[in-house]
Amino acid sequence: MFKSKYNNIIIYVSAFVVIILIAFAFLRNNAHSITLNQAKQLVQKHQISKVIATRQYTYLDTSHGYYKIASSQVTPKLFENYQVHIQNDKDPLLYILIVVLILGIGSLLFRLMQKKQYFTDNKTSPTANTQNEIQNDLPIEVVRPNISFEDIGGLAEVKSELEEIINFLKNPIKYHRFGAKLPRGVLLIGPPGIGKTMIAKALAHEADVSFFYQSGAAFVQIYVGMGAKRVHELFKAAKNNSPAIIFIDEIDAVGKKRDGAQNDEREATLNQLLTEMDGFEDSSDIVVVGATNKINVLDDALLRSGRFDRRIFVELPTKQERNSILEKYLRNIPNNVDTHKIAETTVGFSGAALATLVNEATLLTIRQNYSQVATEHFFQVKDKVMFGKRKILMLSDKQKAYRVCYQAGKAVIATFFDIHFDKLLLSNDQITPPTNMPAVKSELQIRVKMLLAGMAACDLKFNQHSDNAQADLKAAKDIVSKMLYVYGMGDVLMPNENAKTEMLEALFQEVKNILKELNQIVAYAESILEDEECITKQQINKKLDALL
Ligand code: ADP
């Protein structure tokens, strides 16, 4: 950032110097002064091609130079054979023209140098700022997306939640007549690559309204006020094209919680966004759709009523949804792929990862000269599919069985001890009770039991567990350590090193015993996770109530 600021200063200074030099060259009077005698000689030798008279000087243009002599020295008689051109000493129009020309050339030069700077910066070290600056340079464009809900695989719940907004945008009069108000902000929450941008585009398409896309990062500028200006421009453009959908991707880049640290630019941008949203007239028919991966980092002001008060959680696709996404992508590709089989083994894949998987398998088919894509091709490319920095592997049947058992154990213990959670997914999902509230010893013990439950369930069923226990085990150890050595919750206030092992082992045994008792419930949870890749606390509670 400093490098870029420093470079900008250099560009400004050099542009200024160039402008001064050009101005100097233009305005400099480059005629040589001559004496009256020399002028007379030029006349006698007929060397003068043009005579220009101003109030101060008379200029003589010859084939070998340009000369001047004070007008007060010459008599009109001297140039009686010439047509004398009269000119004002200072033609203001000429000066204005020159100044405009200089400013024009100067700013052109400045922009050219700035563009060159972006490219060199991006080639060497693509910093967020230079990229933002480029984005900031991009005009705010209105688009009419041609993606429809049909093109999106799965996400049925999300689509139905958006149905009302579509109807509203299509028939505003009907809704206005009842005094109904359009939700101003919809927040799509979910991991990257899951189709949030697609949904927003499809929303605009289905409602047949204009679509404006901006990334939150594009608002974060180095210069205070730039981000806010861009927000204002965006909303202005949307109002001029209403009804419209404004989509702000990665809204957390602008809307992060104000944590006390001074960041004038971000604050100004966020305030502008809030002001624009509050300033919507009820009839403006504009919906702002924000996308984020992490709702918990968003500033409360954004989530207040009248702003982003509709929240839609977009989750990783389930087995059926993965199947439908795969079918969509294979629609126009010659294939005999068993999509159910692929869907079965791609737990944790997002829509984007599935699209990449299909593409990789197709490329492999072409490389190997087959006439159609086969299931086998998917398995051959599975290791190639990267998702962000983390590689997701397709699960084998055995790995899946371990994962199902692990999550089932965790969900059952969490429900048994009434730990807060709505549902647990098969895809490495965590149960994260709020940690910022004070907890007593028994509550912390329960938390540790929940963290050890997956391992306990697998040990009971398979006599071993898999390496996905790593994160939970670490979290369990951390809590036990704190309980013993920070909160003084051991048998004695200053326990020795063994105390940690003892406490962990004791809690692990307790969990195992509970799970043994509840083995029917665990089996039930496993069957649900196997089929739906997701289980709710409510489902387990129902079974528990029936049993206990
Ligand atoms: P996000 O905005 O959540 O990061 P995108 O909407 O940009 O995700 O999705 C990236 C790409 O992944 C899309 O262009 C599309 O090709 C594919 N994709 C994601 N989800 C789906 C889905 N449910 N159905 C079909 N394709 C999907």
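Predicted model, so just to flag it, every value in this text is computed and none were measured. Indexing begins at 1, ligand by ligand and atom by atom, following the structure's order.
The I194 neighbourhood of ligand 1 comprises atoms 1 (P), 3 (O), 8 (O), 19 (C), 20 (N), with distances under 4.0 Å to a heavy atom of that residue. The distance from ligand 1 to the heavy atoms of D151 drops below 4.0 Å at these ligand atoms: 25 (C). Heavy-atom contacts of M198 reach the following atoms of ligand 1: 6 (O), 15 (C), 18 (N), 21 (C), 25 (C), 26 (N), 27 (C) (cutoff under 4.0 Å). Listed by number with element, the atoms of ligand 1 under 4.0 Å from a non-hydrogen atom of P192 are 4 (O).
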What pairs of donor and acceptor atoms, side-chain ones from residues 195-207 against any protein atom, are under 3.5 angstrom apart with sequence neighbours left out?
from, atom 1, to, atom 2, distance (Å)
K196, NZ, G190, O, 2.8
K196, NZ, P191, O, 2.8
H205, ND1, P145, O, 2.9
E206, OE2, F149, N, 2.8

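From the protein, the heavy atom lying nearest to atom 10 (C) of ligand 1 is A352 CB, 4.0 Å. Protein heavy atom in closest approach to atom 2 (O) of ligand 1: T197 OG1, 2.5 Å. Regarding atom 8 (O) of ligand 1, its nearest protein heavy-atom neighbour is G195 N, 3.1 Å. In terms of protein heavy atoms, atom 17 (C) of ligand 1 is closest to Y329 OH, 3.3 Å.
Inspection of the Q272 and R230 side chains reveals no N or O donor paired with an N or O acceptor under 3.5 Å. Residues Q539 and T536 have side chains that bring a donor and an acceptor to within less than 3.5 angstrom of each other.
Note that atom 14 (O) of ligand 1 has no protein non-hydrogen atoms nearby, at separations under 4.0 angstrom.
Using a 4.0 Å heavy-atom cutoff, G193 is listed among the residues neighbouring ligand 1.
In this structure, K477 places its NZ atom where only 12 or fewer heavy-atom neighbours from other residues, nucleotides or ligands lie under 6.0 Å away.
When only interatomic distances are considered, the shortest N/O to N/O separation between G153 and ligand 1 falls below 3.5 Å.
Residues R310 and E164 are paired through a salt bridge, judged by an N-O separation under 4.0 Å between the basic side chain and the carboxylate. By the 4.0 Å N-to-carboxylate-O rule, D478 lies too far from K482 to be salt-bridged with it.
Heavy-atom proximity to atom 3 (O) of ligand 1, evaluated over R322, E321, K196, is greatest for K196.
Residues V522 and K461 have side chains not in contact (no heavy-atom distance under 4.5 Å, counting atoms from C-beta outward).
Taking the six-membered ring for Trp and the full ring otherwise, F247 and F212 have centroids separated by 6.0 Å or more.
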